[in-house]
Amino acid sequence: MMQNNFYITTPIYYPSGEPHMGHAYSSILADVFARFERNNNKKVFFLTGTDEHGLKIQSAAEKKGLPPLIYCDKISLIFKDLTKKLNLSNDDFIRTTEQRHHKSVSDLWNKLVKSGDIYLSKYKGWYSVSDEAYYNNDEISEKNGKKYSTFSGSEVEWVEEDSFFFKLSAWQQKLLDFYDNNKKFILPISRRNEVVNFVKSGLKDLSVSRTSFTWGIKVPENDKHVIYVWLDALTNYLSALNFPNTKDNLYKNFWPASLHVIGKDILRFHAIYWPAFLLAAKIKPPSRIFGHGWILSGDEKMSKSKGNILDPVEIIDKYGIDELRYYLMKEVSHGSDGSISLKSLTNCINSDLANNYGNLCQRIFSFVKNNCNSKVTKNNEVSESDIKLINETEKITKNLRDFMNDQNLNHYIKSVINISFLTNKYINDEEPWKLKKSNVIKMNNILHLSFEQIVKISILLNPIIPIATSKVLDALQVSPKLRNLSFLDGKKILPDKIIINDLKILFKKLDV
Ligand code: MSP
């Protein structure tokens with residue numbers, strides 16, 4: 001894949017219920033990386049979708065008294081609507097019930113049969129329908145006569161049925177070599193260690209077909225078996241690029257994927273099974289799996305089964321989508337869990353968006369409108385405090401691409417907000433309003449530098465709060481061609497003479 005192309009995916013969501021904040025989090029996170037890389041002048045393909053097969057979905061449909069496909073059509077649409085509500089910039093939305101996906105899964109299956117990695121046997125062991133995952137004996141605990149996975153806490157049942165197996169055990173050493181040769185294949189590093197230790201402790205062959213239900217993609221030439229829903233689901237990342245047509249431009253340009261964004265609960269599937277399937281089928285594995293932490297409500301994972309859900313749609317309607325995006329991205333730190341609440345949402349909006357970035361924009365725009373006839377012209381004088389602000393800003397921006405390359409969004413946001421803080425401080429110290437009569441030239445220079453700072457901050461925050469930052473860049477009449485990170489390489493954005501349009505209030509301060 002050319003380095004200038006960037007293929008990023010979200011997990012595909014189970015339509016077993018309506019979307020919640022955890023889903024919104026995975027999606028927004030991926031969207032921020034997609035938007036950043038577009039601004040970084042890369043050609044981006046951003047994929048999301050729904051994972052519609054398996055017993056979990058079949059049972060959800062039965063509970064509603066609907067045929068599975070009709071049920072999936074309904075709920076998948078809700079997930080698709082959510083992409084609009086979250087302001088996602090996805091290029092495609094894939095459903096695993098689509099024909100293009102069936103073709104791709106069957107082809108991958110055939111490749112695994114051909115390479116000798118699949119054999120027929122009988123599965124005897126624990127299975128969790130909620131996780132759609134198999135568990136070993138040593139991963140099971142018992143409570144009130146019921147068995148649970150110690151890994152996920154989900155209930156498991158004993159399953160015995162004919163099944164095809166994938167020779168995962170044969171890939172143990174090759175996987176370890178692969179992790180060794182690709183040190184950043186799994187991030188954050190703590191997750192990588194978890195996976196490496198698990199693989200080192202020994203891999204068993206993996207059951208990859210089921211015979212006790214029918215809702216899935218049939219094993220080619222053996223329709224008693226449906227393909228294991230995770231083998232089916234993971235393949236979506238290939239299907240959307242028109243695999244198995246490897247001559248297709250999408251496939252040629254975008255495979256291997258640059259980044260699969262996932263939650264830590266589905267790390268094993270992505271960091272162990274997926275590269276093993278691909279290596280066996282002689283397809284290059286993706287470059288990076290980023291496993292984010294969970295959104296917690298109190299100390300617990302927010303999830304449908306726990307009934308502790310904050311509805312993203314309600315929050316967006318009340319507070320705004322930029323506000324929710326910013327809050328989730330800032331609050332849930334790099335790969336760790338984060339507890340969210342309405343109180344901390346309000347504090348975050350007030351401190352960073354209303355008082356810091358919003359205030360910076362508003363104060364300069366309204367001053368220039370009211371006192372300078374909406375025009376600012378700079379001359380070439382540069383004061384010591386100008387140089388200080390420019391240097392401090394450069395020192396911070398130098399690291400930003402590296403932060404994003406490592407999905408370290410938290411450091412990235414803190415750095416950009418710090419530039420906004422420093423710019424507000426510069427304005428407080430320089431007091432341009434006092435120079436209106438005494439030194440108009442200096443006043444203009446201060447205002448011009450403030451606008452340059454505002455443009456940089458807006459471009460840098462654009463992946464996170466696209467609506468507000470676009471309003472600011474529109475008001476400064478910045479051409480769409482310049483709304484990218486070229487300024488980090490020295491490209492000038494604003495002309496010496498700026499004429500501004502009005503800027504309406506960006507973020508309202510909320511009552512605490
Ligand atoms: N269908 C599988 C993924 C297949 S990808 C080939 C699946 N679906 S899911 O709907 O259960 O979860 C999708 C994503 O949402 C996962 O990355 C999961 O981590 C994330 N979240 C679900 N609840 C979450 C939180 N409370 N917090 C953050 N994200 C969590 O797994």
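One-based numbering, in listed order, for ligands and for the atoms of each. Note that the numbering runs from 1 along the sequence shown for the chain.
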### Task
Specify side chain, backbone, both or neither for Phe269, according to which of its non-hydrogen atoms lie closer than 4.0 Å to ligand 1.
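Phe269 to ligand 1: no contact under 4.0 Å from either part.
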### Message
Just to be sure I read this right, does ligand 1 sit under 4.0 Å from the backbone of Glu132, its side chain, both, or neither, counting only heavy atoms?
### Response
neither
#### Entry: Set of residues satisfying side-chain contact (heavy atoms from CB on, under 4.5 Å) with respect to Glu62, sequence neighbours excluded
Gln58
### Task
Check side-chain contact (heavy atoms from CB on, under 4.5 Å) between Asn39 and all other residues, then give those that pass, not counting sequence neighbours.
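Testing Asn39 for side-chain contact (heavy atoms from CB on, under 4.5 Å), a comparison that skips the adjacent residues, returns Asn462, Pro463, Leu485.
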### Task
Count the heavy atoms belonging to other residues, nucleotides or ligands that lie under 6.0 Å from CD of Glu160, then report whether that count exceeds 12.
yes
### Task
Using salt bridge (Lys or Arg N to Asp or Glu O under 4.0 Å) as the criterion, point out the one residue from Glu139, Glu132, Glu194 that pairs with Arg268.
Glu139
For ligand 1, which atoms, with element, lie under 4.0 Å from some heavy atom of [X]?
X	result
Ser26	14 (C), 15 (O), 17 (O), 20 (C)
Gly293	28 (C)
Tyr237	5 (S), 6 (C)
Ile262	17 (O)
Ala233	6 (C)
His292	28 (C), 29 (N)

#### Entry: Contact check: Asp51 vs ligand 1, nitrogen or oxygen atoms, below 3.5 angstrom
yes
### Query
Quick one: does Trp230 get an N or O within less than 3.5 Å of an N or O on ligand 1?
no
### Task
Run the salt-bridge test on Arg325 and Asp31 with the 4.0 Å N-O cut-off and return the result as yes or no.
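Yes, charged N to carboxylate O under 4.0 Å.
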Without swapping roles, check the side chain of [X] against the backbone of [Y] for a donor-acceptor pair under 3.5 Å.
X	Y	result
Asp205	Leu168	yes
Thr235	Leu231	yes
Thr50	Glu52	no

Which is closest to [atom] by heavy-atom distance: [options]?
atom	options	result
atom 18 (C) of ligand 1	Ile340, Asp265, Val332	Asp265
atom 24 (C) of ligand 1	Gly22, Gly263, Gly54	Gly22
atom 16 (C) of ligand 1	Ile266, Leu296, Leu267, Asp232	Ile266

### Task
Using the side-chain contact (heavy atoms from CB on, under 4.5 Å) rule, pick out the option among Asn253, Asn90, Leu250 that qualifies with Phe45.
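Only match with Phe45 under side-chain contact (heavy atoms from CB on, under 4.5 Å): Leu250.
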#### Entry: Within-shell test, His20 vs ligand 1, heavy atom, strictly < 4.0 Å
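Per 4.0 Å heavy-atom rule, His20 contacts ligand 1.
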